[in-house]
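Inspection log for the structure reproduced underneath, given as C-alpha cells.
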Amino acid sequence: MATQQRDNRNGANTVLIGSLAVLIFIAGSIAGFFIWKHTQSDQEAAQPAYVSLGRVVAQVGGGRFVRTDIQLEISGPEYSGLFQQHHVQVLEGVRRGFSQVPGEDIYSLEGKKAAQEAIVLHLNHYFDAPLVQRVYFSDFLVAGG
C-alpha cells in the first residue's frame with residue numbers, strides 16, 4: 001500500500017512537471033512571437049522610399065549636357081509628398097549637383113559618383129535634413145562638348 005501511494009505521488013509529480021514544462025513552452029512561444037512582431041514593425045518602418053524625378057537634362061562642365069532618368073532613395077514614404085511639393089527646387093538641386101562635375105569626368109564611374117554625392121548634398125542642404133539617401137541614374141546620356 002505504501003508503494004502504491006508512492007507510485008501515485010510519482011505519477012502526480014510527473015504530470016505536474018510535464019504541465020509546467022508545457023506552460024513554460026507556451027509562455028516562451030508567446031513572448032517570442034511578440035518580440036518577433038515588434039522587430040518586424042521596426043524593420044518595416046525603416047524601409048526607404050523612392051521618388052522618381054523622371055527624365056532630367058542638366059549641363060555639366062565643358063559645354064556638355066547630361067540626359068538621364070533619376071530616382072531618389074529617401075528616408076521614408078512620409079517624405080514623398082514633400083518632394084512633389086518642391087519638385088522645381090529638387091530639379092534645381094539636381095542641376096546644381098551636375099554642374100559641379102567637370103565635363104571630362106562625367107564619362108567615368110567616379111564622375112557619376114561625384115554627381116550623385118553632389119546631388120545628395122544639395123538636396124539635403126535644401127531640405128535642411130538628411131532626407132535623400134542615394135541617387136540612381138538610368139538611361140545616362142552625355143552630349144555636346
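One is the number of the first residue; the rest follow in order along the sequence. Quick note: numbers below take in every heavy atom, side chains included, and nothing from hydrogens, waters or symmetry partners.
Using a 4.5 Å cut-off on side-chain heavy atoms (C-beta onward), Ser80 and Ile74 make contact. Here the side chains of Leu121 and His125 are not in contact, with every heavy-atom distance at 4.5 Å or above. Considering only heavy atoms from C-beta on, Val90 comes within 4.5 Å of Leu72 through its side chain. Counting heavy atoms from C-beta outward, Leu53 and Phe83 have side chains that stay 4.5 Å or more apart. In this structure, Phe65 and Leu141 have side chains that are not in contact, with every pair of non-hydrogen atoms separated by 4.5 Å or more. Between Asp69 and Tyr136, the closest side-chain pair of non-hydrogen atoms is not below 4.5 Å.
Here Phe127 contributes atom CZ and Ser75 contributes atom OG; the two are 11.0 Å apart, rounded to the nearest 0.5 Å. One finds the CG atom of Leu131 at 12.5 Å from the CD atom of Glu73 (value rounded to the nearest 0.5 Å). A distance of 12.0 Å separates CD1 of Ile35 from CD1 of Ile30, quoted to the nearest 0.5 Å. Here CD1 of Ile70 is found 9.0 Å from CD of Gln116. Values are rounded to the nearest 0.5 Å. Atom OH of Tyr50 and atom CD of Gln71 lie 7.5 Å apart (nearest 0.5 Å).
Looking only at distances, no side-chain donor or acceptor of Ser99 sits under 3.5 Å from a matching main-chain atom of Val60.
Pairs of residues two or more places apart, or lying in two chains, never qualify as salt bridge (charged side-chain N to carboxylate O under 4.0 Å, His left out) while including a residue from residues 20-35. Listed by first and then second residue, the salt bridge (charged side-chain N to carboxylate O under 4.0 Å, His left out) pairs that reach into residues 94-112 are Arg64-Glu104, Glu92-Arg96, sequence neighbours excluded.
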Checklist entry - Run the side chain to side chain contact (heavy atoms under 4.5 Å, CB included) check on Phe140 and Val66 step by step: do they pass? => result CA-CA 7 Å; Phe140 201 90; Val66 171; 3.6 Å; yes
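In terms of the side-chain contact (heavy atoms from CB on, under 4.5 Å) criterion, residue partners of Gln89 (sequence neighbours excluded) are, by chain and number, His86, Tyr126. For the salt bridge (Lys or Arg N to Asp or Glu O under 4.0 Å) test, no residue two or more places apart in sequence or in another chain qualifies with Arg67. For Gln100, the side-chain hydrogen bond (donor to acceptor under 3.5 Å, both in side chains) partners two or more places apart in sequence, or in a different chain, are His122. Residues passing the side-chain hydrogen bond (donor to acceptor under 3.5 Å, both in side chains) test with Asn124: none are found, sequence neighbours excluded.
Residues Gly76 and Ala49 share a closest heavy-atom pair of C-CB, 3.6 Å. Of all non-hydrogen atoms in Val120 and Gln133, the two that sit nearest each other are CG2-O, 4.3 Å.
Linking Ile, Leu, Val, Met, Phe, Trp and Tyr whenever their side-chain heavy atoms come within less than 4.5 Å puts Phe98 and Tyr107 in one cluster.
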